[in-house]
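Below is one structure, written out as structure tokens; the observations come after it.
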Amino acid sequence: MVRFVVVGGGAAGWITSHYLKRNLDCELTVVHKKENEIIGVGESTTPTILKVIEDVKSWQEDSKALIKYGIKFNDWLRPNSEWYHLFEDAFIKDGVDSIEFLKNEHPKIDTTTFNYYHGDFLVRCKNNIMDTKNNSIPGYGFQVQADKLGLACKNELEGEYRLIEEDVTTVLSDKNGIRSIGTENHILHADYFIDCSGFERILINRLSSFEPYEDMIANSYIVGRLDKHKKRPYTVTTALKNGWRWEIDTQDRTNAGYVYCDHLTSHEKAMEESGIEGEKKSFVSGKMKDIAIKNCISNGLAQSFIEPLEATSLMMTCYTVEKFVEIIKRGKRIETLNKIMDKFLKHTKEFVKYHYILSERKDSEWWEYWTEQKSDIQDFFERSLKNKRYCKKNDTLLNHYNIASMMVGYECLTERKRI
């Protein structure tokens with residue numbers, strides 16, 4: 001029986017633990033502090049969440065989840081613009097999907113027509129209809145309270161794991177990886193150690209190093225709750241002069257946050273512009289050089305962080321543990337995970353970055369930095385076409401529809417901006 005030790009008791013730790021226990025014959029120990037800091041940034045998911053925790057009883061109610069059909073982008077192209085990125089995949093007919101259809105036959109389509117063409121998710125968004133039936137591929141995600149989602153996974157595992165609520169005090173490593181970890185009262189050995197300790201990176205930092213994304217200049221955020229609670233089946237993001245703001249509705253609260261660069265604007269100005277009062281929190285975008293090395297795997301914030309863009313971290317968490325289990329079942333070396341995740345992270349980071357670069361805004365140093373960068377969107381677009389990446393049920397990976405939605409939203413296929 002394979003022995004796992006998972007370090008970290010946040011959403012990443014418990015999602016990882018639940019998936020391991022449900023898919024492998026294993027002995028599981030979870031180590032975490034009695035009090036875990038809640039990062040509290042984006043609290044929404046992509047459709048892949050259902051692949052990982054769909055058998056967790058009552059998780060939707062426990063995490064106060066609302067259905068999510070996609071994301072609304074306000075003022076990103078230019079002030080007073082709007083477009084929706086929805087979880088409805090492209091049609092496929094005679095080997096041609098919508099991104100190919102748009103480029104070759106209908107390049108001037110507007111974003112509203114594009115979304116209506118594919119299904120009724122836009123109608124549901126505009127009318128606040130929350131229906132889990134008759135959905136397009138890949139389906140829908142959820143807006144959740146991430147800490148409570150983790151607890152739902154924990155409760156589902158009752159009696160199936162060993163819990164040690166103590167700080168990790170020692171980590172011993174050698175040429176084979178992590179030899180053991182120590183807490184106040186325990187010395188733990190395992191076949192595999194999973195680091196879900198967040199930005200502390202208690203284990204993986206012993207074996208590898210963090211590589212920052214130097215070109216992603218956002219490094220600070222504010223997070224808080226809004227007094228006025230709405231229930232919208234989509235996440236709202238609004239581009240402002242010096243950064244961008246998100247709003248995420250769950251069953252009983254609306255969370256909001258603001259992302260900015262503290263080299264370009266002060267915390268006081270960020271609060272004033274966003275309308276959110278809160279403590280400044282800092283972060284560094286990047287990833288571990290080795291996500292999996294020897295007998296240690298990093299997941300969640302311990303592995304990578306692009307920025308507090310909703311759904312990104314939970315999406316990475318789910319995809320990482322899913323692929324790790326596949327590797328274990330096939331008897332492959334865990335370093336195989338590096339190639340898979342490096343490709344996924346690179347593509348996702350590029351996708352995030354283009355949401356800035358394709359803007360027409362130049363009303364601040366923040367937007368001038370992004371919009372003056374040289375864009376290789378043509379190469380990105382052509383690679384997406386060649387890959388023929390169509391979507392599957394509860395899918396995560398970026399596919400033709402994701403690219404098409406962004407391209408139409410930013411008017412990249414019009415005569416004026418056509419690539």
Side-chain angles (χ1 to χ4, degrees), residues 1-33 52 153-154 157 160-211 286-305 313 316-345:
M1 181 180 291
V2 182
R3 297 173 300 166
F4 288 101
V5 170
V6 175
V7 175
W14 289 115
I15 288 172
T16 298
S17 297
H18 176 267
Y19 195 78
L20 290 173
K21 196 66 181 175
R22 287 292 174 267
N23 291 275
L24 294 172
D25 182 16
C26 64
E27 178 184 292
L28 176 65
T29 300
V30 180
V31 182
H32 69 80
K33 304 174 184 178
V52 176
C153 293
K154 174 184 177 181
L157 289 175
E160 298 184 51
Y161 66 97
R162 179 188 183 193
L163 176 62
I164 298 176
E165 292 184 299
E166 297 174 358
D167 289 346
V168 174
T169 55
T170 60
V171 179
L172 299 180
S173 59
D174 57 26
K175 64 180 182 179
N176 297 313
I178 303 297
R179 192 168 74 204
S180 67
I181 65 172
T183 67
E184 182 181 358
N185 298 300
H186 300 85
I187 301 295
L188 302 172
H189 299 84
D191 298 301
Y192 297 101
F193 291 88
I194 317 292
D195 191 342
C196 297
S197 63
F199 293 144
E200 291 183 80
R201 303 184 176 99
I202 294 171
L203 306 181
I204 196 67
N205 271 346
R206 295 298 186 100
L207 304 176
S208 188
S209 58
F210 184 77
E211 298 181 330
K287 61 174 283 293
M288 294 306 300
K289 179 180 179 181
D290 301 285
I291 289 166
I293 180 170
K294 298 178 180 176
N295 66 342
C296 184
I297 302 92
S298 56
N299 203 3
L301 301 179
Q303 174 203 110
S304 60
F305 192 71
S313 292
M316 296 298 176
T317 297
C318 294
Y319 188 67
T320 299
V321 69
E322 178 189 1
K323 292 302 172 184
F324 173 66
V325 166
E326 288 181 11
I327 288 167
I328 293 296
K329 287 184 173 180
R330 293 175 181 175
K332 294 184 178 181
R333 296 173 65 249
I334 68 168
E335 282 82 2
T336 306
L337 186 64
N338 289 327
K339 185 176 181 180
I340 296 171
M341 292 307 302
D342 284 351
K343 181 179 179 180
F344 185 33
L345 283 164

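Note that the numbering runs from 1 along the sequence shown for the chain.
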Quick check against the 3.5 Å criterion: does D167 have a side-chain atom that pairs as donor or acceptor with the backbone of T169?
no
Taking the side chain as C-beta and beyond, is there a heavy-atom pair between L203 and S197 under 4.5 Å?
no
With distance as the sole test, does R201 use its side chain to make a donor-acceptor pair with the main-chain N or O of L301 at under 3.5 Å?
yes
On a heavy-atom basis, the closest approach of S17 and V30 is OG-CG2, 3.5 Å
For the residue pair F4 and Y192, does the interplanar ring angle fall in the parallel (under 30°), tilted (30 to 60°) or perpendicular (over 60°) class?
parallel
Within-4.5 Å side-chain heavy-atom neighbours: M316 and Y319:
no
Could you please spell out the steps behind the side-chain contact (heavy atoms from CB on, under 4.5 Å) verdict for M341 and M288?
CA-CA 11 Å; M341 292 307 302; M288 294 306 300; over 6 Å; no
Please check this pair: side chain of E335 against backbone of K294, looking for a donor-acceptor N/O pair closer than 3.5 Å.
yes
Can you measure from CG (N299) to CG (D195) and round to the nearest 0.5 angstrom?
9.5 Å
Gap separating the CG atom of N23 from the CZ atom of F324, nearest 0.5 angstrom:
12.0 Å
Got a second to check how far K323's NZ is from I340's CD1, nearest 0.5 Å?
6.0 Å
Would the distance check show the side chain of D191 and the main-chain N or O of V2 forming a donor-acceptor pair, the cut-off being under 3.5 Å?
no
Over all heavy atoms of both residues, which pair between Q303 and L345 is shortest? Give the atoms and the distance, please.
OE1-CD1, 3.9 Å
Here the gap from S208 atom OG to I291 atom CD1, rounded to the nearest 0.5 Å, amounts to 9.0 Å
Does D25 reach the main-chain N or O of M1 with its side chain, forming a donor-acceptor pair under 3.5 Å?
no
Nearest 0.5 angstrom please: D290 CG to F210 CZ, how far?
13.5 Å
Euclidean distance, C296 SG relative to L207 CG, rounded to 0.5 Å:
5.5 Å
Taking side chain as C-beta onward, heavy atoms only, is V168 less than 4.5 Å from E200?
no
Does the pair L20 and V6 meet the rule for a side-chain contact (heavy atoms from CB on, under 4.5 Å), with working shown?
CA-CA 10 Å; L20 290 173; V6 175; 4.2 Å; yes
Has R206 got a side-chain atom pairing as donor or acceptor with S173's backbone, closer than 3.5 angstrom?
no
Which atom of W14 lies closest to which atom of C153, heavy atoms considered:
O-CB, 3.6 Å
Are more than 12 heavy atoms, taken from residues, nucleotides or ligands other than E27, located less than 6.0 Å from that residue's CD atom?
no
For the side chain of E160 and the backbone of K21, is there at least one donor-acceptor N/O pair under 3.5 Å apart?
no
Is a side-chain N or O of T317 found less than 3.5 angstrom from the main chain of A12, in a donor-acceptor match?
no
So among V7, T16, T320, which one has a side-chain contact (heavy atoms from CB on, under 4.5 Å) with I194?
T16
Without swapping roles, check the side chain of S298 against the backbone of I204 for a donor-acceptor pair under 3.5 Å.
no
Identify the two heavy atoms, one from H189 and one from R179, that lie closest to each other, and give their separation to 0.1 Å.
CD2-O, 3.3 Å
Could you report the tightest heavy-atom contact between I181 and I178, atom names first, then the distance?
CG2-CG2, 4.0 Å
Does the pair L188 and I164 meet the rule for a side-chain contact (heavy atoms from CB on, under 4.5 Å), with working shown?
CA-CA 10 Å; L188 302 172; I164 298 176; 3.7 Å; yes
E165 and H32: side-chain contact (heavy atoms from CB on, under 4.5 Å), yes or no, with the steps?
CA-CA 5 Å; E165 292 184 299; H32 69 80; 3.7 Å; yes
Do NZ/NE/NH1/NH2 and the carboxylate oxygens of E326 and K329 come within less than 4.0 Å?
no
Do R3 and T29 have side-chain heavy atoms sitting under 4.5 Å apart?
no
